[in-house]
Amino acid sequence: MSALLDNLNQAQRTAVLHVDGPLLILAGPGSGKTRVVTHRIAHLLEQGVHARQILALTFTNKAASEMRNRAQVLAPGQPVWVSTFHRFGARMLREFGELVGVSQNFTIYDTSDSRQVLKRVIEAEQVHTMHFSPDRIACAISTAKNKLITPDTYEARRGSPLSEIVAQVYPAYQQRMLQSAAVDFDDLLMHVAQLIYHHPEIRAELDARFRYVLVDEYQDTNKAQYVILKALSYDYPNLAATGDPDQSIYGWRGADIGNILEFERDFPQVHVVRLEQNYRSTKRILRVADDLIAHNKRRKKKSLFTENDEGEAVRLVAYADQDLEAADIAQQIRSAIESGQCRASDFAVFYRVNALSRSIERALRKAGVPYQMVRGQEFYGRKEIKDVLAYCQLANNPADDVAFERSVNSPTRGIGKKSLERLNEHAYRYGTSLLDAARESKLNEGLTKRATNSLLKFVELIDKIAAIAGESVEEVIGTVIAESGYTEALKSSDDVEDQSRLENIEELLTDARQFDEQADEAHEGGGLEAYLERTWLVNETDDWETEADKVTLMTLHATKGLEFPVVYVVALEDGILPHERSRDELEQLEEERRLAFVGITRAKHQLQLSYVRVRDFRGQRRVAIPSSFLMEMPREEMHMTDARPDDLEFFVDDFDAYESDDFETDPQVSPLPNTGERSGARATNFPRPQAGEGPVVRAITTAAELAGGANTARHTKVSPDVFAHGMTVIHPEFGPGKITALSGAGKARRATVQFATAGERKFVLAHSPLRPAQG
DNA sequence: ACGAATTTGATTTTT
DNA sequence: TCAAATTCGT
């Protein structure tokens, strides 16, 4: 017992020793939250609480396995159920789903699958979607589900065309999903909430079953999750929520920060514990983070402190472009490793969007520094993997029309669009699944002999797979591969892509084998459905090798809960962080600020923030503006470096703006001394907006936006529409050329130009320096 | 019906 | 830039 409290501070002990009644742990970054939670679990067990009565819920699989493992160490042999919300939902639905219309063998559709369904529904219902994309509609449906608005309770708001469309599409979509025995991610929560709401006896049973519920990252819960948690904490109100409003970064997914801000109102008898001592970062890193987050209006004030060292100044570096940014970071890491003081795994590079990883990757590769990118979804999301799994899915759930459409003609068996249309008609008329429609294809007059034959053979194959579904997963998938002809089609192709597809399928088999072995060892779980469920709810992020000695590259969202000795956050630029889509709304802007906060507070000893003057993004070059967040950090904690290369010709040539007022420094602040650790680097003033409203840096954005991009100042005079096929044009670098192809209009207008000396090039005209030749 | 070729359009974050 | 959608040719 006493061992459990060793090395814990007062606040932490209070939390660990809390047994009954609601508990709210407000845990700042690096405050030892996971430690407290796991120790509390161990303490509960010591107090005689049965392991089965404890339920710990997290958002990510990564967090779940971390917690599970650490609890395992403290209390060996007492298997506490640690699960993600979605897995928990899935488990509940397998048990009780029939009560809300969900078949026991349901399939979980990922975003692209459910998007597919939505498109079909829109088509079938002949809904006029006006200018709203399926994405937009899907998003609205998702938002509704997160708020527990069901198809019957959804009401179109007057004056909102989108909501009118949703009111039409949502019920049809949901019906189609249920018909296919499929649920989407949001359904996993919504159906459970519905279940509990409509069946008080089940609610009571679950409340009693899970007497002690622990929730991690409570600030990220949405309404559905909130309702479920409350329902599980009614007769036994032992809900322990951990979270930090300042780390709420999933508002866009329906997370309601109000849940944590109002926890005390929801549970008046709550015991609140604040963990404010940080054990992770240096004083200076923490002050930078703290100053930044203090700019948020909607938050609970916290006083973060640490007894750690003062530490080095946080570095803020301005680079000329992303390649220099990447190269310098790679170089820094490389020399630190070579000096023997650090391992590659001490370093992490964070960015706002995945697309920004490219230059970093390239530079690290070039510098010979090992790295790993943590990106979700990749493996199970690959086409070939989904194709193979679709056979299994269909065998497990014959109503799964998405799986049917995916597998029926890959590899191609002569069942094309027309035949599928016929099948769909038949299925619609008789209210059957596509698989059953295929079974009856002899009765379907619209089908050709050839198609009928293929379909019957396909049905036979699925039946065969279904028959052996009880065997090991490896065997099932092996059968699919052997009998579907999928790999043969790949083997006979000489496309290099297909070669790697084959390898991926091999890997899938290995994965399945491992799953079988694990299930065997654990004497539980296993089976095809369990495996499929894992592919639906688990991504690679979860088996990210923490052990490997590699630099970690990840998006800011993926960093939550992690820490690294040295952290780089790149692209602190306006429009990237904060992201451009969050510019108008204060709430969203604050979320971006929290995102930056989360990234910064991952750093233990060293932190470098950087931005770039010119960024190539989505194939376009833009003059970048330093993030406004940089102005909100305390400059006395930071060391500013302007890493301009000595030769500036390139930029002077291409960017008039570069030497203009736009980046002029604030004369009132004296420059920091140059420490000269990098050649060609000089200390400079912090770029700030000029006084008064409408700072000059802003002016660029506006101009750039007006012209549909940057680097247009010199070229705006030439409208893209003056160009015509066959016209002779002049390019400042490539010289004269002839337009051989044109497409698009306005700022999207593109041209292919055959140059006399430089060969063929393609341009987006609005952003190119091309001009018609005179005369 | 199929695959190649071309065009278009869209790009945050994740269970 | 890159993937999806559409058109085109066989």
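The sequence lines fix the lettering, A, B, ..., with proteins before strands; numbering per chain opens at 1. Values below: all heavy atoms of this structure, side chains included; hydrogens, waters and symmetry mates excluded.
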Does C/dA5 have OP1 or OP2 under 4.0 Å away from a side-chain N or O of A/K119?
yes

Would a distance-only check, ignoring hydrogens and angles, find a side-chain to backbone donor-acceptor pair under 3.5 Å from [X] to [Y]?
{"X": "A/T552", "Y": "A/Q372", "value": "no"}
{"X": "A/E592", "Y": "A/H579", "value": "yes"}
{"X": "A/N397", "Y": "A/Q393", "value": "no"}
{"X": "A/K223", "Y": "A/I149", "value": "no"}

Touch check for [X], heavy atoms < 4.0 angstrom, all strands: base, sugar-phosphate only, or nothing?
{"X": "A/T111", "value": "base"}
{"X": "A/D616", "value": "nothing"}
{"X": "A/N354", "value": "sugar-phosphate"}

Starting at atom [atom1] of [X], determine the distance to atom [atom2] of [N], rounded to an integer number of angstrom.
{"X": "A/R450", "N": "B/dC2", "atom1": "CZ", "atom2": "C1'", "value": "10 Å"}
{"X": "A/N61", "N": "B/dT15", "atom1": "CG", "atom2": "P", "value": "7 Å"}
{"X": "A/D113", "N": "B/dT14", "atom1": "CG", "atom2": "P", "value": "18 Å"}
{"X": "A/L356", "N": "B/dT13", "atom1": "CG", "atom2": "P", "value": "10 Å"}
{"X": "A/I415", "N": "B/dC2", "atom1": "CD1", "atom2": "C1'", "value": "13 Å"}
{"X": "A/R422", "N": "B/dA1", "atom1": "CZ", "atom2": "C1'", "value": "14 Å"}
{"X": "A/Y109", "N": "B/dT15", "atom1": "OH", "atom2": "P", "value": "21 Å"}
{"X": "A/N409", "N": "B/dA1", "atom1": "CG", "atom2": "C1'", "value": "9 Å"}

Nearest listed nucleotide, side chain of [X], among [options]:
{"X": "A/Y250", "options": "B/dT14, B/dG3, B/dT11", "result": "B/dT14"}
{"X": "A/R581", "options": "B/dT15, B/dT14, B/dT11", "result": "B/dT11"}
{"X": "A/R358", "options": "C/dT1, B/dT14, C/dA5", "result": "C/dT1"}
{"X": "A/T412", "options": "B/dA1, B/dG3, B/dT15", "result": "B/dG3"}
{"X": "A/T555", "options": "B/dT15, B/dT13, B/dT11", "result": "B/dT13"}
{"X": "A/T84", "options": "B/dT13, B/dT15, B/dA1", "result": "B/dT15"}

Using Watson-Crick or G-U wobble geometry with both distances under 3.5 Å, which nucleotide pairs with B/dT11?
none

For B/dG3, give its Watson-Crick or G-U wobble partner with both distances under 3.5 Å, or none.
C/dC8

If you look only at distance, which donor and acceptor atoms sit under 3.5 Å apart when one is on a side chain in residues 181-192 of chain A and the other is two or more places apart or in another chain?
from	atom 1	to	atom 2	distance (Å)
A/D184	OD1	A/K145	NZ	3.4
A/D184	OD1	A/D186	N	3.1
A/D184	OD1	A/D187	N	2.7
A/D184	OD2	A/K145	NZ	2.7
A/D184	OD2	A/Y173	OH	2.8
A/D186	OD1	A/N146	ND2	3.3
A/D186	OD2	A/S142	OG	2.9
A/D187	OD1	A/K145	NZ	2.7
A/D187	OD1	A/Q174	NE2	3.1
A/D187	OD2	A/K145	NZ	3.3
A/D187	OD2	A/D184	N	3.0

Would you kindly compare A/T448 and A/Q588 by the position of their nearest DNA chain B nucleotide and give the one closer to the 5′ end?
A/T448

Checking only heavy atoms, does the side chain of A/R253 share a donor-acceptor pair with the base of B/dT15 at less than 3.5 Å?
yes

Please work out whether the ring planes of A/F210 and A/W81 are parallel, tilted or perpendicular, with thresholds of 30° and 60°.
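Answer is tilted, since the angle falls between 30° and 60°.
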
Return the stacking result for B/dT15 and A/F59: yes when the ring centres lie under 5.5 Å apart and the planes under 30°, no otherwise.
no

